[in-house]
Structure formats: structure tokens, C-alpha cells
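Taking it in order: structure first as C-alpha cells, then the write-up.
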Amino acid sequence: RAKHEGKNGVRTFQPVMGSETAERMTLEQDLREALNRQELTLHYQGQFDAHTQALLGFEALVRWAHPTQGLLPPMKFIPVAESSGLIVPLGAWVLQEACRQAAAWNAQGQNLTISVNVSALQFEDPAFLPAVQAALDASGLNPHLLILELTESAVLNNPEAAAQQFIRLKALGVRIALDDFGIGQSNLSLLRRLPVDILKIDRSFVQDHREAPEDAGEVYIGVMINLAHGLNLRVTAEGVESSEQLSLLEELGCDSIQGFLLARPLPPDDAAATFGTRGPPPSPVPSDRQH
Ligand code: C2E
Ligand code: MG
Ligand code: MG
Ligand code: MG
């Protein structure tokens with residue numbers, strides 16, 4: 001977009017900023033109504049055993065079936081939900097619905113975990129713990145099957161308070177995953193202070209070595225897996241798109257796998273249609289890695 005400069009070199013950004021603010025306010029108002037009109041929906045992406053490729057559970061990923069703009073991904077509305085405080089009721093709805101769905105599936109003979117993303121403001125809100133308890137009570141889901149996924153940004157503001165909150169959550173029986181885990185300094189120091197159960201290796205590490213299998217990404221993944229196992233944590237890798245990535249992760253001892261290779265996020269009925277199926281078999285180990 002061309003920048004308009006006035007005679008004095010004064011840029012006239014005003015109209016653009018004005019319309020962006022208006023757009024944002026409209027989005028916020030729409031989102032408020034969407035919550036009441038039940039336009040939000042959850043898609044479910046399978047998480048699989050890295051060795052047997054058995055389905056272990058699902059990550060619930062929120063979508064907004066917007067009346068005019070179609071199905072919106074979370075990055076289009078979660079930021080607005082956070083800045084407006086709507087993330088608290090939105091997050092409570094996601095918890096309720098994900099637990100209800102998982103309990104319904106498990107009542108049909110499955111034993112699936114359900115992973116739910118929790119954003120920073122939601123986690124810090126006093127209503128969060130009661131919302132988790134309410135979702136468990138209403139659904140009857142075995143608490144051990146609920147996994148809360150938090151990123152370091154959700155706990156970085158106040159790691160001490162976060163640690164206390166983790167302890168309260170774990171007293172309910174739920175498990176906690178550190179999402180988008182990398183080897184940044186804050187990630188590592190948080191790990192020393194927080195009682196987490198699962199590390200989710202960020203997809204940037206998984207996908208780094210897509211074109212160059214010999215590059216250092218593999219070393220970092222190995223370090224993260226060893227670190228997790230040394231601390232008695234389980235490791236999930238996200239963003240697995242190729243059979244090469246899958247066999248490497250399996251070889252390095254990764255516990256579970258999530259990614260487009262095995263399953264995309266799907267509406268509930270399509271997700272349920274995958275029960276009992278296996279993902280594609282891993283491709284043969286490349287000859288240069290067979291010693
Ligand atoms: P995340 O928790 O790291 O979720 C994984 C994201 O990676 C999802 O995007 C998923 O569709 C995508 N993904 C999965 N496998 C692959 C793959 O093999 N390749 C690639 N390129 N991408 C893959 P999505 O659904 O757009 O969600 C984006 C983010 O939005 C999530 O990242 C999470 O941080 C947030 N989010 C999603 N649902 C919720 C929610 O209910 N509440 C909150 N607070 N945040 C949510
Ligand atoms: Mg996640
Ligand atoms: Mg993630
Ligand atoms: Mg991510």
C-alpha cells in the first residue's frame with residue numbers, strides 16, 4: 001500500500017488506522033455474539049503412539065464458523081479474544097465442549113486423551129481453575145485424560161504463581177503439557193520450576209531438517225527427548241509432515257506424534273471415523289542411517 005506523504009512530510013495514516021480499529025471492534029462484537037450463537041466449533045487432530053501408531057487422543061483446536069467470512073482459524077480471533085477478555089468465556093466453552101466430546105467417545109469404548117490449549121490470560125484468570133473443575137464434573141471425563149497445553153508465554157509473567165496453579169490443577173488429576181517447547185533459556189529454567197508432565201516439541205525443530213536430514217535439528221530433538229525422559233516426562237512432536245520425520249522421531253525415542261502426515265484437524269464426526277485405523281506405515285529407514 002502506498003504511503004501518502006503530505007507537503008510537510010506528514011504521513012496521513014489516520015484513515016487506515018481508523019478503519020483497522022473499527023474492524024477490530026466489529027470483530028470483537030461479532031465474537032461476543034458468536035459465543036452466544038454457538039458459532040464456535042472444535043476440530044480434533046489425532047495424537048499417535050510414535051512406535052505403534054495407535055491413536056492415543058486428540059488435540060482440540062477451536063474454529064469460528066463466521067457467518068460471512070467462513071471458517072476462521074484461531075490466529076484470526078484468539079488475539080482479539082485475549083485483548084477483550086472474551087478468552088475467559090471462550091476458553092471455558094472450549095474446555096466444556098472438548099471434555100464433553102472426549103467423554104462421549106470414551107463412553108463408546110475409546111480411552112482417548114483430550115488436549116486443550118490454554119492462553120496466558122485465561123490461565124491467569126481466577127475463573128480458570130473452577131472452569132476446569134466444572135468441565136470435568138459436567139462431562140464425567142477421567143481427569144487423567146485431560147491434558148492442558150500451555151506455552152511458556154502463559155507462565156513467564158509469574159513462574160512462581162504458575163507453579164502454584166500447576167499444583168492445584170494436578171490435584172484435580174489433569175496433566176500439563178508445555179506446548180511449542182524449544183531450547184530457549186526460559187523454556188529450560190521453567191522446566192526446573194514447574195511440575196509438567198509432557199513436552200511438546202515445537203514444529204520448527206521437527207521441520208528444520210526436512211530438506212537436510214543431517215543438519216543439527218536432529219541433535220536438538222535428541223537433546224529434548226533425552227531431557228524429557230531424564231525428568232520422567234513424555235514427549236510429543238508436533239508438525240510431523242513426512243515419513244522421514246516420523247521415522248527419525250521414532251528412532252530418537254519420541255513418545256507421541258502429531259502432524260498432517262497422520263491426521264489433519266477434523267470435525268468431530270470425521271475424527272471419530274478414524275478410530276481403530278492406523279496412520280501410514282513409516283517409510284523404510286534410509287540406507288545411510290542403517291549401521
Ligand atoms: P498449537 O497448539 O501449537 O496447535 C498446533 C497448530 O499446528 C494447529 O493450528 C494445527 O492445525 C497445526 N498443525 C498441526 N499439524 C501440523 C503439521 O503437520 N504441519 C503444519 N504446518 N501445521 C500443523 P491451528 O489449529 O491453526 O491453531 C493455531 C494455534 O492457535 C494453536 O497452536 C494454539 O496456540 C491456538 N489455539 C487453537 N485452539 C485454541 C483454543 O481452543 N484456545 C486457545 N487459547 N488457543 C487455541
Ligand atoms: Mg497446542
Ligand atoms: Mg503446539
Ligand atoms: Mg505451535
Side-chain angles (χ1 to χ4, degrees), residues 31 34-35 39-48 50 57-65 70-102 113-125 127-128 131-132 135 146-155 175-182 187 196-210 224 235-246 249 254 256-268 270-271 279-280:
L31 185 57
L35 268 167
E39 288 169 8
L40 295 183
T41 173
L42 297 182
H43 282 190
Y44 295 89
Q45 185 178 29
Q47 298 177 324
F48 300 84
F58 289 99
E59 178 173 5
L61 295 160
V62 72
R63 306 284 183 259
W64 177 6
L71 202 63
L72 298 182
M75 56 169 267
K76 293 272 191 203
F77 62 92
I78 289 287
V80 172
E82 291 190 312
S83 63
S84 62
L86 283 172
I87 193 68
V88 173
L90 188 158
W93 177 82
V94 170
L95 274 164
Q96 288 277 348
E97 178 56 18
C99 289
R100 185 203 63 74
Q101 182 64 81
T113 59
I114 186 76
S115 298
V116 174
N117 292 286
V118 178
S119 76
L121 282 159
Q122 184 188 358
F123 177 71
E124 286 166 6
D125 193 273
F128 179 62
V132 174
L146 175 60
I147 298 168
L148 301 174
E149 295 197 357
L150 289 128
T151 59
E152 65 168 26
S153 68
V155 289
R175 285 183 283 172
I176 295 172
L178 221 42
D179 204 352
D180 303 336
F181 189 81
N187 264 308
V196 305
D197 303 284
I198 297 158
L199 289 191
K200 272 191 95 167
I201 299 179
D202 190 63
R203 78 165 176 256
S204 61
F205 288 93
V206 173
Q207 297 182 346
D208 243 354
H209 48 78
R210 176 169 31 190
M224 287 189 267
V235 194
T236 303
E238 65 175 23
V240 180
E241 293 183 354
S242 74
S243 50
E244 288 76 19
Q245 291 164 359
L246 176 62
L249 286 158
C254 190
S256 21
I257 298 291
Q258 188 179 343
F260 293 167
L261 176 70
L262 293 161
R264 289 188 171 261
L266 297 168
D270 296 339

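Both counts, for ligands and for their atoms, begin at 1 and track the order of listing. Treat the numbers as computed from the prediction; the structure is a model and nothing was measured.
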Revision key, fill the gap. Here the atoms of ligand 1 under 4.0 Å from any heavy atom belonging to E241 are 17 (C), 18 (O), 19 (N), 20 (C), 21 (N)

Check your understanding: Going by the order shown, which atoms of ligand 1 are within less than 4.0 Å of some heavy atom of Q207?
Key -> 19 (N)

Exercise for review: Report the protein N/O/S neighbours of the Mg ion (ligand 2) that fall below 2.8 Å; do not count waters.
Suggested key: E59 OE2, N117 OD1, E149 OE1, D179 OD2

Review point. Does G259, backbone or side chain, put an N or O under 3.5 Å from an N or O of ligand 1?
Key: no

Check your understanding: Does E82 have a non-hydrogen atom less than 4.0 Å from ligand 1?
Key -> no

Exercise for review: Please could you name the atoms of ligand 1 that D180 approaches to less than 4.0 Å, counting only its heavy atoms?
Suggested key: 3 (O)

Exercise for review: Considering only NZ, NE, NH1 and NH2 on the basic side and carboxylate oxygens on the acidic side, decide whether E59 and K200 come within less than 4.0 Å.
Suggested key: yes

Review point. Is there a donor-acceptor pair closer than 3.5 Å between any side-chain N or O of Q45 and the backbone N or O of Q258?
Key: no

Practice item. Please examine the side chains of L262 and I257, heavy atoms only from C-beta on, and report whether any two atoms are closer than 4.5 Å. Key: yes

Exercise for review: Mark up the atoms of ligand 1 that fall under 4.0 Å of a heavy atom belonging to Q45, in ascending order.
Suggested key: 14 (C), 15 (N)

Check your understanding: Which atoms of ligand 1 are found less than 4.0 Å from any heavy atom of V62?
Key -> 38 (N), 39 (C), 40 (C), 41 (O)

Revision key, fill the gap. Looking at A120, A81, P74, G91, the heavy atom closest to atom 28 (C) of ligand 1 belongs to P74

Check your understanding: Are a donor atom and an acceptor atom from the side chains of E82 and S119 found within less than 3.5 Å of each other?
Key -> yes

Review point. Does R63 come within less than 4.0 Å of ligand 1, judged by its heavy atoms?
Key: yes

Exercise for review: Kindly compute the distance separating CG (L146) from SG (C99), expressed to the nearest 0.5 Å.
Suggested key: 4.5 Å

Review point. Do any nitrogen or oxygen atoms of F260 lie less than 3.5 angstrom from nitrogen or oxygen atoms of ligand 1?
Key: yes

**Study point:** Any N or O of Q258 closer than 3.5 Å to N or O of ligand 1
**Key:** no

